[in-house]
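The structure appears right after this line, and notes come after that.
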Amino acid sequence: MTPAKILLNLALPAAILIGAWLLVPRAAELPPSLAGIKVYGVYFVLTVGLLLALVFRRGRIVFALLTLALAYLCYGVLVRDGFAGFRAHTLFAALGVFVPLNLALLCLLPERGTFNVHGLQRAGVLAAEVLLTLWVIYAPATRITAWAISPFIETTLLAASPVRQLGWIVLTLGMATSLAVWIMRRVALDIAFAGAITAFALAMHLVGDANTFAVYLAAAALIFTIALLQDTFRMAFRDELTGLPSRRNLNERMMGLGRRYTIAMCDVDHFKKFNDTHGHDLGDQVLKMVAAKLDEVKGGGTAYRYGGEEFTVLFPGKDIEHAMPHLEALRASIEAYKIAVRAPGRPEKPEPSTRRRGAFRDATSVSVTISIGVAEHTAELATTDDVIKAADKALYRAKDKGRNRVSE
Ligand code: GH3
Ligand code: MG
Ligand code: MG
């Protein structure tokens with residue numbers, strides 16, 4: 001992941017949080033005719049997000065938004081209670097613990113959809129939290145609430161915050177967890193969890209200020225919703241295995257090409273045999289390596305996964321002469337790259353008594369080569385289809401001449 005992409009990932013939640021911060025004072029200035037926004041705005045954002053998450057089958061986002069919806073319902077009760085009394089104290093403490101806990105857990109858990117046994121389990125956890133909170137309120141289990149709101153250590157840090165130490169501990173752990181998950185996986189959706197927990201922490205901390213809770217809660221929901229759209233967009237235009245732009249992306253790009261462009265079709269040599277010898281998993285790993293090398297193409301080229309073990313490199317605005325040395329560099333760098341593998345037949349963890357010697361002892365390495373066919377847009381090759389067909393023919397010539405070469 002490049003620094004630019006990291007910044008781009010961080011930019012979305014940051015922009016929404018800043019937007020929320022700017023919006024809070026404006027919310028008070030809303031004319032009476034728009035007062036409905038204050039009442040229904042959060043429900044609107046939550047509903048749109050929930051519908052999108054259901055349509056795109058993102059159970060993690062569904063349950064994250066349900067958690068936020070429950071939190072907003074609780075906030076309504078807090079306002080009615082005037083933030084005073086046992087019920088209000090219990091509800092507020094429960095929010096500070098369960099919301100960041102749920103969001104952090106959902107960030108850690110894999111995507112498993114909504115309407116299945118996993119969804120049922122996750123809904124069960126939400127229901128258990130609600131029941132536990134109701135039980136504390138109506139039992140009434142005053143000792144539990146007293147424990148949750150009493151300080152664990154003597155400190156003046158955040159002493160003025162309505163959120164008590166337990167809440168800050170869980171909120172901080174939740175933010176740290178989701179940040180760590182994002183740093184490890186580098187998926188934009190994970191940073192949304194960190195952003196949403198941060199928005200929720202601000203909502204809780206500033207709960208006494210008018211309109212603040214609603215605006216920051218809506219911000220949290222918006223962070224999830226936009227991240228969901230981003231992720232869906234990425235899935236549509238990126239190839240899942242290699243991360244390269246997909247063929248659909250190539251087709252769109254080709255519609256907007258000018259008069260000069262060059263297309264190269266690249267195909268891994270003897271890949272069927274490679275799969276048969278080393279297995280499909282190592283084959284996949286090799287495709288990822290080839291894709292990563294092709295992605296480094298210089299000279300204004302862009303690499304796409306065309307399908308299977310075939311890739312396309314497109315040079316908009318460039319002729320063959322310009323593209324040739326860059327394609328030759330790609331061919332050479334893939335030929336030179338060695339992937340370390342366990343020697344065939346070597347078990348993953350050999351028993352000491354059966355440990356083999358000699359040929360099987362050392363890790364070996366494998367490598368592949370690619371053949372490339374190139375064609376450019378001319379008067380005869382008038383459409384992108386024609387150019388691709390010509391590049392394909394050139395690719396056959398490269399294969400015929402013995403593979404591991406670039407042909408025009
Ligand atoms: P040539 O040098 O003529 O290109 O020979 P080849 O074996 O590469 O050509 P062929 O088109 O017959 O075989 C392509 C093989 O690529 C078939 C399939 O096993 C493999 N392949 C296609 N897509 C994938 C994939 O996503 N992962 C893996 N591991 N293998 C794939
Ligand atoms: Mg092929
Ligand atoms: Mg091939």
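Everything numeric here is computed off the predicted structure, so don't read it as measured data. Counting begins at 1 with the first residue of the sequence. Both ligands and their constituent atoms are indexed starting at 1 by order of listing.
Ligand 1 has no N or O atom lying under 3.5 Å from any N or O atom of L241, backbone or side chain.
Within the listing of ligand 1, atoms 24 (C), 25 (C), 26 (O), 27 (N) sit less than 4.0 angstrom from a heavy atom of L287. The ligand atoms of ligand 1 that sit less than 4.0 angstrom from a heavy atom of G283 are 29 (N). Within ligand 1, the atoms closer than 4.0 Å to a non-hydrogen atom of R403 are 1 (P), 2 (O), 3 (O), numbered from 1 in the order shown. Close contacts between ligand 1 and D269 involve ligand atoms 2 (O) [criterion: under 4.0 Å to a heavy atom]. Close approach of ligand 1 to R305 (heavy-atom distance below 4.0 Å) involves ligand atoms 25 (C), 26 (O). Atoms of ligand 1 lying under 4.0 Å from at least one heavy atom of N275, given by number and element, are 18 (C), 19 (O), 20 (C), 21 (N), 28 (C), 29 (N), 30 (N), 31 (C).
The distance from atom CD of Q121 to atom CG of N116, rounded to the nearest 0.5 Å, is 9.0 Å. For the atom pair SG of C107 and CE of M175, the computed distance is 13.0 Å after rounding to the nearest 0.5 Å.
Of the candidates K272, H270, E240, Q285, H270 brings a heavy atom nearest to atom 2 (O) of ligand 1.
Ion pairing between a basic and an acidic side chain is recognised when a charged N comes within 4.0 Å of a carboxylate O; D231 and R234 show such pairing. Taking the charged nitrogens against the carboxylate oxygens, R331 and E335 do have a contact shorter than 4.0 Å, which makes a salt bridge. A salt bridge links R60 to D190: one of the charged nitrogens lies within less than 4.0 Å of a carboxylate oxygen.
At a 4.0 Å heavy-atom cut-off, ligand 1 does not touch E310 at all. Contacts with ligand 1 closer than 4.0 Å are made by side-chain heavy atoms of D267 only, the backbone lying farther away.
For Y40, the OH atom counts as loosely surrounded, since its 6.0 Å shell holds 12 or fewer non-hydrogen atoms of other residues, nucleotides or ligands. Enclosure of atom NZ in K401 by more than 12 non-hydrogen atoms of other residues, nucleotides or ligands within 6.0 angstrom is indicated.
Protein heavy atom at the shortest distance from atom 6 (P) of ligand 1 is F271 N, 3.4 Å. The nearest heavy-atom contact from the protein to atom 16 (O) of ligand 1 is E309 CG, 3.0 Å. Counting protein heavy atoms only, atom 27 (N) of ligand 1 is closest to D284 OD1, 2.7 Å. In this structure, the protein non-hydrogen atom closest to atom 1 (P) of ligand 1 is K399 NZ, 3.3 Å. Counting protein heavy atoms only, atom 23 (N) of ligand 1 is closest to G308 CA, 3.2 Å.
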_Working note: Y43 + L73, criterion side-chain contact (heavy atoms from CB on, under 4.5 Å); need CA distance, chi angles, decisive distance, verdict._
CA-CA 10 Å; Y43 287 119; L73 285 176; 3.5 Å; yes
*Step by step, would you call L171 with V97 a side-chain contact (heavy atoms from CB on, under 4.5 Å)?*
CA-CA 7 Å; L171 283 164; V97 172; over 6 Å; no
_Run L327 and F315 through side-chain contact (heavy atoms from CB on, under 4.5 Å) and show every step you take._
CA-CA 10 Å; L327 293 168; F315 291 90; 3.9 Å; yes
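Distance alone, capped at 3.5 Å, is enough to place a donor-acceptor pair between the R405 side chain and the R403 backbone. At least one donor-acceptor pair under 3.5 Å links the side chain of D386 to the backbone N or O of T383. The backbone N or O of W182 lies less than 3.5 Å from no partner atom in the side chain of R185, so there is not a single donor-acceptor pair.
For D269 and S371, the side-chain atoms include at least one donor-acceptor pair closer than 3.5 Å.
Around the Mg ion (ligand 3), protein atoms of type N, O or S found under 2.8 Å number 3.
Counting only heavy atoms, the protein never gets under 4.0 Å from atom 10 (P) of ligand 1.
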